[in-house]
Engineer: 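Please find one structure pasted underneath; my questions will follow.
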Amino acid sequence: MSNRQIVERLAQCVQDQDLVGMAELLHPEIVVAYPQSGEVFRGKDNYLAMLSNYPTGLPDARELEIRGRKEEVMVTSPFPFAIPTITVTGSGDTFVLEGDAGPYPDGVVYKYVSIVKLREGKLSEETDYFGAPFDAPDWRRPF
């Protein structure tokens, strides 16, 4: 399966809330890191357990749309807890996903960046960053 097909299959698994299908795409030794909280999920079973215990369940992405070229994919979805638009760029075994995540329970929409690496045709590393919006400081306005 090509890297694009892996991304498309992953998107379909999210759409269907199919953790079994998602598990097929994950390397057994996947490492998922959230640097901001210091969390590191090691292994496919731990990562899937974390996802399956998400308080509101996985996002509902029934109207998922995938567009893009060979190694560039745009995913659009009306999630209730959403990443409404994800831009995926990269090639080879490394991709960067960028988008807006939310709204969170407090109503804030965060910026989301994920760095994903593949090994042996499976997702093997993921590092996720979530950033809250902030006002630009006055000193930067002239620029």
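Only heavy atoms go into these numbers, but all of them, side chains included; no hydrogens, no water, no symmetry mates. Nothing fancy with the numbering, it's 1 onward along the sequence. The shown structure was predicted, so the numbers you read here are calculated from the model rather than taken from an experiment.
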Engineer: What are the two closest non-hydrogen atoms of Y112 and S114, and how far apart are they?
Structural biologist: OH-CB, 3.1 Å

Engineer: For the atom pair CD (E120) and CG (D93), what is the distance rounded to the nearest 0.5 Å?
Structural biologist: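 If I round to the nearest 0.5 Å, the distance is 10.0 Å.
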
Engineer: With a 4.5 Å limit on heavy-atom distance, are the side chains of F130 and K111 in contact?
Structural biologist: no

Engineer: Under 4.5 Å between any side-chain heavy atoms of V116 and T94, yes or no?
Structural biologist: no

Engineer: Heavy atoms, side chains only, cut-off 4.5 Å: are L118 and F95 in contact?
Structural biologist: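 They are in side-chain contact.
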
Engineer: Would you say E125 and V32 make side-chain contact, with heavy atoms under 4.5 Å?
Structural biologist: no

Engineer: Can E29 and R119 be counted as an ion pair, charged N to O under 4.0 angstrom?
Structural biologist: yes

Engineer: Does a side-chain heavy-atom distance below 4.5 Å link V109 with P133?
Structural biologist: no

Engineer: Kindly work out whether a path of hydrophobic side-chain contacts (I/L/V/M/F/W/Y, heavy atoms less than 4.5 Å apart) joins M50 to V40.
Structural biologist: no

Engineer: Does any non-hydrogen side-chain atom of P35 lie less than 4.5 Å from one of T127?
Structural biologist: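 They are in contact (side-chain heavy atoms under 4.5 Å apart), so the answer is yes.
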
Engineer: Using 0.5 Å steps for rounding, measure from the NE2 atom of H27 to the CG atom of L123.
Structural biologist: 10.5 Å

Engineer: Please round to the nearest 0.5 Å and tell me the distance separating atom CD of E24 and atom NZ of K44.
Structural biologist: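 NZ of K44 is found 8.0 Å from CD of E24.
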
Engineer: Answer whether the closest heavy-atom distance between the side chains of Y129 and Y34 falls below 4.5 Å.
Structural biologist: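 Counting from C-beta outward, Y129 and Y34 never come under 4.5 Å.
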
Engineer: Would you please test I6 and M1 for side-chain contact (heavy atoms from CB on, under 4.5 Å) and show each step?
Structural biologist: CA-CA 6 Å; I6 292 169; M1 198 178 326; 4.0 Å; yes

Engineer: Of the options K117, R42, E126, which is the one that meets V31 in a side-chain contact (heavy atoms from CB on, under 4.5 Å)?
Structural biologist: R42

Engineer: Output the distance between atom CG (L25) and atom CG (D18), rounded to the nearest 0.5 Å.
Structural biologist: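 CG of D18 is found 9.0 Å from CG of L25.
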
Engineer: Could you walk me through whether D128 and V113 pass the side-chain contact (heavy atoms from CB on, under 4.5 Å) test, one step at a time?
Structural biologist: CA-CA 6 Å; D128 296 332; V113 174; over 6 Å; no

